[in-house]
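By convention in this document, chain letters (A, B, ...) are assigned in the order of the sequence lines, proteins followed by strands, and residues within each chain are numbered from 1.
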Amino acid sequence: MFPSVYSPKDVEDEIRKFWDSHRIYEKVKKKGDRLFFFVDGPPYTTGRIHLGTAWNKVIKDTILRFKRMRGFRVMDTPGWDMHGLPIEVKVEQELGFKTKRDIESFGIDKFVAKCMEYALRNKDMMTEQFKALGVWMDWDNPYMTIKAEYIDSAWWCVKKAHEQGLLERKLRVVNWCPRCETALADAEVEYKDKEDPSIYVKFPIKGSENTFIVIWTTTPWTLPANMAVAVHPSLEYAKFRAEKDGKTEFLIMAKDLGSEVLRKGGYESWEVVETYSGKDLVGLEYEHPLIEEVPIQKNWTHRVYTADFVTAENTGCVHVAPGHGLEDFELGEKVGLEVFNPVDDRGIYTEKAGKYAGLQVFEANRIIIEDLRRKGLLLAEEKIVHRYGHCWRCKTPIIYRATEQWFLAVSKLKDRMLEEIDKVMWVPEWAGMARFKDWVSNAKDWCISRQRFWGIPIPVWICEKCGKWKVVGSVKEVPWKEDLDLHRPKIDEVTFDCECGGKMRRVKDVFDVWFDSGVASWGTLKFPFEMSRVEFERIWPADFITEGHDQTRGWFYSQLGASVIAFGRAPYKTVLMHGFTLDEKGRKMSKSLGNVVEPEEVVSRIGVDGFRLYVLSSALWEDLRFNWEDAKNVLRMLNIYWNAVRFAYTYMSLDRYKEIPLKDVQLSVEDRWILSRLESFNKLALEAMEKYHLHKVVRAFFDFVVEDFSRWYIQLVRPKVWEEKDSPAKIATYTTILRVVEKTAKIIAPFAPFLAEWIYQHFVKEFKEGEESIFLESYPEPEESLIDEELERAMSVTREIFEAASSARQKAKRKLRWPLRKLVIESKDEDVRRAVEMLEGIIKAQCNVKEVEVVEEFEKEVKVKPNYKAVGPKLKDKVKKFAEFVESLSKEEVKEILKRGKVEFEEVELNVDEALLIEYVVPEGYEFSEFSKGIVYVYTVLDEELKREAFAREIVRRIQEMRKEMDLDVEEFIESTVEIDPKLIEGWKEYVKHETRSVKLEFGEPKDGYVKEWEIEGMKVKIGIKRLER
RNA sequence: GGGCCCGUGGCUCAGCCUGGUUAGAGCGUGCGCCUGAUAAGCGCAAGGUCCGGGGUUCAAAUCCCCGCGGGCCCA
């Protein structure tokens, strides 16, 4: 059965059932000898999948299906990223929590159990969604980051780091989320616009009256922790004498920037009184501007230092707070500044902040500014909108805080990592060689500790007494019964006895969730928990991974870092980087914009195969602007493919065709042509697949199927399928079609698995033996001996001739149904001559002409007129005479002039191109149209004979339509009566009878049967037809 | 300030790596055609400074440089 309309849903339902009941996936998995190790970038288990996640998995599935058909045994374990802040935040929301204290009073054990429940629930939901997209992965055996065997992989890696001295605990300034009360990795910080104060502050210089050094900051809240001022060593600074409200002040700033600052400060006049280089300012002492408010500051001396990070912006003097800035911290370390951090985990000032104790830092900005103003130290205040870091999950603005954290010293491995990047195949190349290298070369040590609950616990125990560390490298070293035992708070109960007699307790922190996924390439293999080193080395590293470009700093990086620590090399051989999904205007999809398109919605409208082909139809590394029009168009094209196959099916099954080897049939020229095109397409597809250029395959598929197969080949062979049963030409056509359909189905199977399988089952296997499923077949190899480039070229010329002829017909208003006497092609091109030689029959039939001729030059008249616009300025008043001259030229003279390209007139030599407008006049009765290699002329005059034929065709068409209206079967016979003068179709009576399956054809007024009155070329014609009773 | 990517008809995109006919599709628009694939299908036409400017070259949408605009990432 072959339904007349392509219904993606019916096809999917049927094939899904077929795959399930015949356990096709399991059978496919067993095939293949060579190993293909794919590592799934684990999606994070919050909520439902979106368009981007769907796209991602569709890419993966397409590659994996392809590799399987290429004879690989594919490792297709899906992964789930189930720990971390995002889930904690969601669970907190469900429980209505605001702070970390809420979690602690609720009970960490209960909270963690909730997190696990949440993650598992989402995992199951998302699994179903992926399955619905036809994604074939080992859904029953995924890797999950919460499992003991996975945690084992992570711990093992930390131990590896420790053994190499790459695990460090140190005081560092880190990104800190005051809401989540934890450190964040650089990868977890999102930059968004934020409005902040932008203030210029005067720091009083000790020992000089009314003298200040001016700094600029957007974080007034860090001023209580100020320890120094930094200037650039070689920048030029100046002391300005400035007047304001009758008072004189001396202000130190960068020389070139001072005026602008003073203007902002509302000073009336100023002048430079002294200049220095930055170096000269070193050691200058100043008084902390909030010395009264933050009394503890009295303990320290504040000085000016030089630093290279200072730029010639704002005042050229930078306020340094080692407790609140990365560069500040480093400078402090170098010159021995106190790392003063009076801000607690919640972003609230501690007692050390004196007056500000108990205030939230961002709220304190206002108060600090007021204090400075009151004290006369605020030079100017503005607002600024700038990019500022926010917590990736809760969107709270982050703060920088110096805290004690655990680090992986990746900065020591940078060179190694960069070398490894070179060995990986990147698609596209710049993803690795440019983008990723840039990120890695800027990488700092990786802060892997989080002061949270739901994560892999850091496997470090420290002796309370002597401070000795124990880094545990395997979960087998601690007691556990279920996976939850390995999480907080259970794991915190585990202690070890130290050699010194003291108790070793676990560090309270959990891992950065990016570290979890970083160990995926061996975590997915359950190494070292279950897999032996020998086996592991046979499989690892991954042959292929693919993710979106956001993973440059995410998973591509975390995996490379972890793997270089553990094995000294990259964990992947090929990385395909894909884009983001955006709305049709190029904006991100978000709930607040209301522009979210759900994958399910797309699938319900155009089907899974349509969805897959749509998202795979443009370059993967570009962002995908989702567009309904284009998505629907994919469905339209699939429908054309469906209809073409169905057309063939109708006749092939009617004739009970069974496969005959290609060598045993008499192939026509069009058969040979489509087979050549097929193999060319096959070749292109295979080459593109090897390079992971999926979109090229999709495009070539539609091009071949729609353009070559449906629009051209099927059109050409249509008359043949109506021939008698054993016609050799028809059998050759069937054989050709079978091969075309089979190959195209296989080539596109990885992309559109449901449709391909359906066609394989209902078409291919109807006419030949085959495997149980198309996915148990091999991906087709191109048979290059069938490629005939000359023939392909000739056919493409032929199509152009046909198109030009159609165009000429339209100009002459001669519809295609009307035969024409003659078609002349004017061309000197060898390809055209060859095309006509090889394919004359096709040209005649398609263009509906009796005769085709190629000439080098068609007899046409050339008319020339003066080009007044160009000639006017040159000839001025002689123009009129020139026009007369041009008019007077004989045909021969014109030809001669055109040949020479120049025309002489009254001793002036003019260029033909600009002096003359050339017009070709086609002989009476001809119409023409250009194509790339020449011009096609059709003779449009209808002689009496052509008119009779045309009329006969008109009658045939009407009768056919009436047959259809009567719902007659294709092979049924009728009797027809036509009310016309028989002379109108003289010589064509048998033709009409044959075409319409009329046993009898009479002329006169129809009396009975189905009668209808038509208008043909302005003439009223009554036609009657009667079904022949048998 | 730095890195990367993108910029091609009204819209969505191919082509660019590897330079070479008149820059291609599809959608949309207009006009037609076909009618035994038909609740389909097909053709034709209009519509492009290939972001701008320089350079390399016999030849540049394509390679190089400098800008402009947009996006992502970093500082």
| task | Could you pick out which residue, A/V706 or A/S618, lies toward the 5' side of RNA chain B when each is mapped onto its nearest nucleotide? | result | A/S618

| query | Using a cut-off of 4.0 Å on non-hydrogen atoms, how would the nucleic acid contact of A/R809 be classed: base, sugar-phosphate, or nothing? | reply | nothing

| task | Please give the nucleotide sitting opposite B/rG10 as a Watson-Crick or G-U wobble pair, both distances under 3.5 Å, or none. | result | B/rC27

| request: Check whether more than 12 heavy atoms from other residues, nucleotides or ligands sit under 6.0 Å from atom CD of A/E690, and answer yes or no. | output: yes

| query | So, does A/N442 use its side chain to make a donor-acceptor pair with the main chain of A/D438 at under 3.5 Å? | reply | yes

| message | Would you measure the distance from the P atom in B/rG19 across to the matching atom in B/rC63 and give it in whole Å? | response | 9 Å

| Centroid-to-centroid, A/F763 to A/W758, below 6.0 Å? | no

| request: With A/R997 as the cation and A/F973 as the aromatic partner, state whether NZ or CZ is under 6.0 Å from the six-membered ring centre and within 45° of the axis. | output: yes

| request: Apply salt bridge (charged side-chain N to carboxylate O under 4.0 Å, His left out) to the pair A/R814 and A/E927, showing each step before the final yes or no. | output: CA-CA 10 Å; A/R814 287 283 179 271; A/E927 190 51 85; over 6 Å; no

| said: Taking atom NZ as the centre, does A/K9 end up with more than 12 heavy-atom neighbours from other residues, nucleotides or ligands that are less than 6.0 angstrom away? | reply: no

| query | For B/rG19, what is the paired nucleotide under Watson-Crick or G-U wobble rules, both distances under 3.5 Å? | reply | none

| So what's B/rG1 paired with, Watson-Crick or G-U wobble, going by both distances under 3.5 Å? | B/rC74

| query | What integer distance in Å separates A/D623:CG from B/rU12:P? | reply | 14 Å

| request: Take atom P in B/rG54 and the same atom in B/rC16, then report the distance between them in whole Å. | output: 26 Å

| query | What distance, rounded to whole Å, do you find between the two C1' atoms, one in B/rU22 and one in B/rC34? | reply | 30 Å

| task | On RNA chain B, check which nucleotide each of A/E327 and A/S929 is closest to and give me the residue with the more 5' one. | result | A/S929

| said: I need the CD1-P distance between A/I398 and B/rC74, as an integer number of Å. | reply: 11 Å

| note | Here the distance between atom P of B/rG43 and atom CZ of A/R817, to the nearest Å, is 18 Å

| query | Base, sugar-phosphate alone, or nothing: which one does A/T650 contact when heavy atoms must sit under 4.0 Å apart? | reply | nothing

| request: In whole angstrom, give me the gap between the C1' atoms of B/rG53 and B/rG69. | output: 15 Å

| query | What heavy-atom pair brings A/T798 and A/A835 nearest, and what distance separates the two atoms? | reply | OG1-CB, 4.1 Å

| query | Does B/rC72 have OP1 or OP2 sitting under 4.0 Å from an N or O in the side chain of A/R435? | reply | no

| B/rC73 C1' sits how many Å from A/M577 CE, rounded? | 11 Å

| task | For B/rC6 and B/rC13, measure between their P atoms and round to the nearest Å. | result | 13 Å

| note | If pairing means Watson-Crick or G-U wobble with both distances under 3.5 Å, then the partner of B/rG41 is B/rC33

| query | When you check every protein heavy atom under 4.0 Å of nucleotides 15-27 of chain B, what one-letter string (B, S, -) results, 5' to 3'? | reply | S--B--BB---SS

| query | What is the distance from CZ of A/R957 to P of B/rC33, rounded to the nearest Å? | reply | 10 Å

| task | Using ring pair (Phe, Tyr, Trp, His ring centres under 6.0 Å) as the criterion, point out the one residue from A/W555, A/F580, A/F436, A/F556 that pairs with A/H549. | result | A/F580

| field | Strand partner of B/rU57, provided both Watson-Crick or wobble distances fall under 3.5 Å | value | none

| Distance, rounded to the nearest Å, where A/D708 contributes CG and B/rC42 contributes P | 13 Å

| message | Against A/Y641, only a single residue in A/F701, A/F709, A/F704 fulfils ring pair (Phe, Tyr, Trp, His ring centres under 6.0 Å); can you say which? | response | A/F701

| query | Rounded to whole angstroms, how far apart are CH2 on A/W621 and C1' on B/rA14? | reply | 12 Å

| request: Name the pairing partner of B/rG52, where a pair is Watson-Crick or G-U wobble with both distances under 3.5 Å, or state none. | output: B/rC66

| request: Measure the distance from CH2 on A/W439 to C1' on B/rG3 and round it to the nearest whole Å. | output: 12 Å

